[in-house]
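Report on the following structure.
Since the structure is predicted, the reported quantities are computational estimates derived from the model, not experimental observations.
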Amino acid sequence: MDADELQRIRAARLAELQAQHGGGGPGGGSGGRGAAAGGANGAGGADQREQEATARHAMLSQVLDASARDRLRRIAIVKPDRARAIEDMVLGMARRGQIRQRVTEQELVGLLSDIAGKEEEEAASSGKGKITFQRRRDSFDEDWD
């Protein structure tokens, strides 16, 4: 049923976009037509990005259950880059066929832990986030041992 609804939504959105493009070209005169052509190129890129985002959201809604989607939305509010990394990971796993059922919130938390662990390892290997103190040793330090 979700797939049918998704197809209906996509068809309605496609019709809406086609109506916008079809209505913008012939409506204006020669001066307006040049502006519409320039705007169509910019709008075409925006429309394509919007369609990709819609398709991405649709795939995520098929792969994640409701609680996992909600948690991912909350993560995206705080850390959009981490949420994007999780989305990429989940979608990649779905494309490779590694996901057999919907991802639950607990499984999503596990993915978060994996990503956090990788980020900590990268930070440790690059030296970022680690503070070391080197005390100066004087000749007097040996006497106090």
Side-chain angles (χ1 to χ4, degrees), residues 1-138 140-141:
M1 186 162 194
D2 289 340
D4 294 336
E5 288 179 27
L6 180 62
Q7 289 296 350
R8 278 188 256 126
I9 292 170
R10 284 182 181 165
R13 181 67 180 145
L14 182 62
E16 180 181 313
L17 291 173
Q18 287 174 347
Q20 286 176 353
H21 283 295
S30 62
R33 188 174 159 193
N41 289 340
D47 289 341
Q48 183 179 3
R49 283 190 298 268
E50 187 175 325
Q51 286 177 348
E52 289 173 1
T54 303
R56 182 180 184 91
H57 180 70
M59 283 185 68
L60 284 170
S61 66
Q62 290 177 354
V63 174
L64 299 173
D65 71 348
S67 61
R69 279 194 313 263
D70 186 45
R71 185 162 191 130
L72 190 58
R73 264 188 235 113
R74 286 182 276 143
I75 292 168
I77 292 170
V78 177
K79 294 195 175 199
D81 55 336
R82 184 167 290 184
R84 182 71 176 198
I86 294 167
E87 289 175 359
D88 291 340
M89 183 182 290
V90 169
L91 291 175
M93 290 169 62
R95 287 183 186 124
R96 289 188 299 269
Q98 294 177 339
I99 297 177
R100 304 260 184 246
Q101 58 188 4
R102 286 187 167 209
V103 176
T104 63
E105 185 175 1
Q106 294 303 318
E107 292 168 342
L108 189 69
V109 169
L111 291 173
L112 275 168
S113 299
D114 292 344
I115 289 176
K118 288 178 186 177
E119 287 178 357
E120 287 177 9
E121 289 175 8
E122 290 174 4
S125 65
S126 67
K128 292 182 179 178
K130 184 176 180 183
I131 299 173
T132 56
F133 292 99
Q134 293 181 346
R135 202 178 92 198
R136 264 192 312 188
R137 295 185 179 239
D138 292 331
F140 296 117
D141 285 344

* Going by heavy atoms in the side chains, are Glu119 and Arg82 under 4.5 Å from each other? -> yes
* Asked: Quick one: does Met59's side chain get under 4.5 Å of Val90's, heavy atoms only?
  -> no
* Arg13 and Gln51, any side-chain heavy atoms less than 4.5 Å apart -> no
* To do: Determine yes or no for a side-chain-to-main-chain donor-acceptor pair under 3.5 angstrom, with Glu107 supplying the side chain and Thr104 the backbone.
  => yes
* Less than 4.5 Å apart, any side-chain heavy atom of Ile75 and any of Leu112? -> yes
* **Minimum side-chain heavy-atom gap Met89-Leu111 below 4.5 Å** => yes
* Asked: Measuring from Gln7:CD to Arg10:CZ, what's the distance to the nearest 0.5 Å?
  -> 5.5 Å
* Derivation and outcome, side chain to side chain contact (heavy atoms under 4.5 Å, CB included), residues Leu108 and Ile86 -> CA-CA 8 Å; Leu108 189 69; Ile86 294 167; 3.5 Å; yes
* Structure fact -> Interatomic distance, OG@Ser61 vs CZ@Arg102, rounded to 0.5 Å, equals 7.0 Å
* **Gln101, CD atom: more than 12 neighbouring heavy atoms under 6.0 Å** => no
* **N-O pairing of Asp70 and Arg74 below 4.0 Å** => yes
* Asked: Should His57 and Glu87 be marked as a side chain to side chain contact (heavy atoms under 4.5 Å, CB included) after you check the CA-CA gap, both sets of side-chain angles, and the distance that decides it?
  -> CA-CA 9 Å; His57 180 70; Glu87 289 175 359; over 6 Å; no
* Euclidean distance, Arg56 CZ relative to Thr54 OG1, rounded to 0.5 Å -> 12.0 Å
* Just by modelled atom types, is the Leu64 backbone N or O under 3.5 Å from a matching donor or acceptor in the Arg69 side chain? -> yes
* To do: Salt-bridge test for Arg95 and Asp88: reply yes if a basic N is under 4.0 Å from a carboxylate O, no otherwise.
  => no
* Structure fact -> Rounded to the nearest 0.5 angstrom, the CD-NZ distance for Glu121 and Lys118 is 9.0 Å
* Roughly how far, to the nearest 0.5 Å, is the CD atom of Gln106 from the CG atom of Asp65? -> 10.0 Å
